[in-house]
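In what follows, a structure is listed as structure tokens, so that the remarks can point back to it.
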Amino acid sequence: MRRSIIAGNWKMNKTIPDGVALGGALADDAARFIEKCDVVLCPPFTAIKAVADRVAESGIDVGAQDVHWETSGAFTGEISCEMLLDAGCRWVIIGHSERRAMFGETDDTVNRRMKAAVAAGLKPIVCVGETLAQREDGLANDVVRRQVRGAFAGLSAEDASKAVVAYEPVWAIGTGRASTGEDANAMARVIRDTIAELYSRDLSEAVRIQYGGSVKPGNMAEFARQPDIDGALVGGASLKAADFMGIIAAMIDSKE
Ligand code: PEP
């Protein structure tokens with residue numbers, strides 16, 4: 001049985017005090033959910049250390065929203081795996097569609113980040129997902145297969161098993177227009193089949209897959225009920241403790 005995992009992508013939101021307050025509200029309630037569900041908070045870089053310190057001992061993990069593949073040097077504006085570990089991260093989001101669309105992320109740079117992260121001991125949440133035009137053109141499965149193959153290229157089975165894959169259709173992110181549970185599960189199956197081709201059926205059944213895209217407390221159960229969906233990557237609704245708690249509760253209730 002795969003363990004549920006809910007992650008919050010705070011994007012470019014929350015100052016240090018606001019982030020500590022949000023992390024603290026969740027940490028103070030963690031006893032209610034942490035035995036049944038992994039919870040990962042991904043603040044902006046500036047708030048990682050303070051949030052990690054505040055949630056320490058609660059069982060909640062902290063992750064970053066991106067990482068560079070080089071270990072150090074003249075890479076102005078970039079952050080290394082060692083720096084993230086040093087700040088208290090255990091996870092890192094890689095290949096978010098906003099980075100692919102706005103900051104030149106490619107399958108190749110996603111793959112470099114994946115390799116660097118697992119080598120350093122950071123667990124990747126790697127994002128894949130098609131645009132609306134790609135879905136309308138019947139290309140969704142091909143696009144996601146290509147992104148999965150690109151992300152995992154050259155990773156050993158052991159390293160691949162540490163990753164979580166977040167299926168995030170681009171048209172569902174921040175739009176209020178979530179996928180249906182059925183469609184999201186169908187794509188989760190495509191992702192598992194691709195991982196099985198790359199490695200083995202056993203590994204593909206062990207990898208955890210999240211759905212992301214306009215997840216709210218009110219629609220989480222639809223995704224959590226799907227057999228191939230093990231959690232969610234949550235943007236907007238991760239910014240308020242009550243909403244994020246509602247999503248965690250829906251995840252746990254639906255899997256019981
Ligand atoms: C995201 O950015 O990963 C995301 C899923 O955003 P939202 O939940 O706001 O759609």
Side-chain angles (χ1 to χ4, degrees), residues 4-14 18-19 22 26 37-45 47-48 51 61-67 89 91-105 110 113-114 117 123-132 134-135 140 143-144 147-148 151 163-181 183-185 187-188 191 208-224 226 228-251 254:
S4 300
I5 176 162
I6 301 286
N9 173 14
W10 295 1
K11 310 195 188 195
M12 198 171 73
N13 295 293
K14 303 288 177 192
D18 290 349
L22 175 54
L26 297 165
C37 184
D38 286 344
V39 173
V40 184
L41 307 180
C42 300
F45 289 130
I48 286 173
V51 173
D61 278 341
V62 171
Q65 299 171 20
D66 192 20
V67 68
C89 283
W91 293 86
V92 59
I93 297 171
I94 294 178
H96 191 279
S97 63
E98 286 156 14
R99 298 218 61 85
R100 291 183 194 254
M102 290 187 265
F103 302 103
E105 188 81 89
V110 166
R113 293 182 215 283
M114 290 282 285
K123 292 184 269 190
I125 296 175
V126 59
C127 302
V128 297
E130 81 286 355
T131 63
L132 187 58
Q134 288 165 334
R135 176 155 285 260
V143 167
V144 169
Q147 290 174 336
V148 171
V164 167
V165 181
Y167 168 55
E168 298 208 306
V170 177
W171 45 269
I173 296 181
T175 58
R177 184 187 159 196
S179 168
T180 64
D183 284 351
N185 196 70
M187 191 60 89
I191 293 168
R208 292 185 288 177
I209 298 180
Q210 297 173 314
Y211 167 75
S214 297
V215 171
K216 307 271 180 283
N219 65 12
M220 184 66 229
E222 180 180 350
F223 299 105
Q226 304 298 324
D228 287 294
I229 295 180
D230 308 308
L233 179 55
V234 186
S238 71
L239 298 174
K240 286 197 183 137
D243 289 348
F244 198 56
M245 286 288 295
I247 288 169
I248 296 167
M251 183 76 220
S254 305

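Order of listing sets the numbers, starting from 1, for every ligand and every atom in it.
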Ignoring angles and geometry beyond distance, decide whether [X] reaches within less than 3.5 Å of ligand 1 through its nitrogen or oxygen atoms.
X	answer
T175	no
I173	no
V234	no

Looking at side-chain heavy atoms only, is the closest gap between [X] and [Y] below 4.5 Å?
X	Y	result
E130	V144	yes
L22	F244	no
E168	H96	yes
I5	W91	yes
D228	I209	no

Nearest protein heavy atom to [atom], by residue and atom, and its distance?
atom	result
atom 2 (O) of ligand 1	K11 NZ, 2.5 Å
atom 1 (C) of ligand 1	H96 NE2, 3.2 Å
atom 4 (C) of ligand 1	G235 N, 3.6 Å
atom 3 (O) of ligand 1	E168 OE2, 2.7 Å

Reported CD1-to-CD distance for the pair I191 and Q147, which is rounded to 0.5 angstrom: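 Atom-to-atom, I191:CD1 and Q147:CD are 9.0 Å apart.
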Euclidean distance, Q210 CD relative to D38 CG, rounded to 0.5 Å: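 Separation between the atoms: 9.5 Å.
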Residue pairs fulfilling side chain to side chain donor-acceptor pair (under 3.5 Å) with at least one residue in residues 229-251, sequence neighbours excluded: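 Of all non-adjacent pairs touching residues 229-251, those that pass side chain to side chain donor-acceptor pair (under 3.5 Å) are R2-D230, R192-D230.
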Sub-4.0 Å heavy-atom approach of S238 to ligand 1: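 No, that is not the case, since the closest heavy atom of the residue is not under 4.0 Å from the ligand.
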Backbone N/O of T180 and side chain of D183: donor-acceptor pair under 3.5 Å: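 Flag not set: sc D183 to bb T180 has no pair under 3.5 Å.
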Per-atom contacts of ligand 1 with [X], taking only distances under 4.0 Å to non-hydrogen atoms:
X	result
G213	5 (C), 10 (O)
G174	7 (P), 9 (O), 10 (O)
G236	7 (P), 8 (O), 9 (O)
A172	10 (O)

Which segment of A166 sits under 4.0 Å of ligand 1 when only heavy atoms are counted: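 It is neither part, as no heavy atom is under 4.0 Å.
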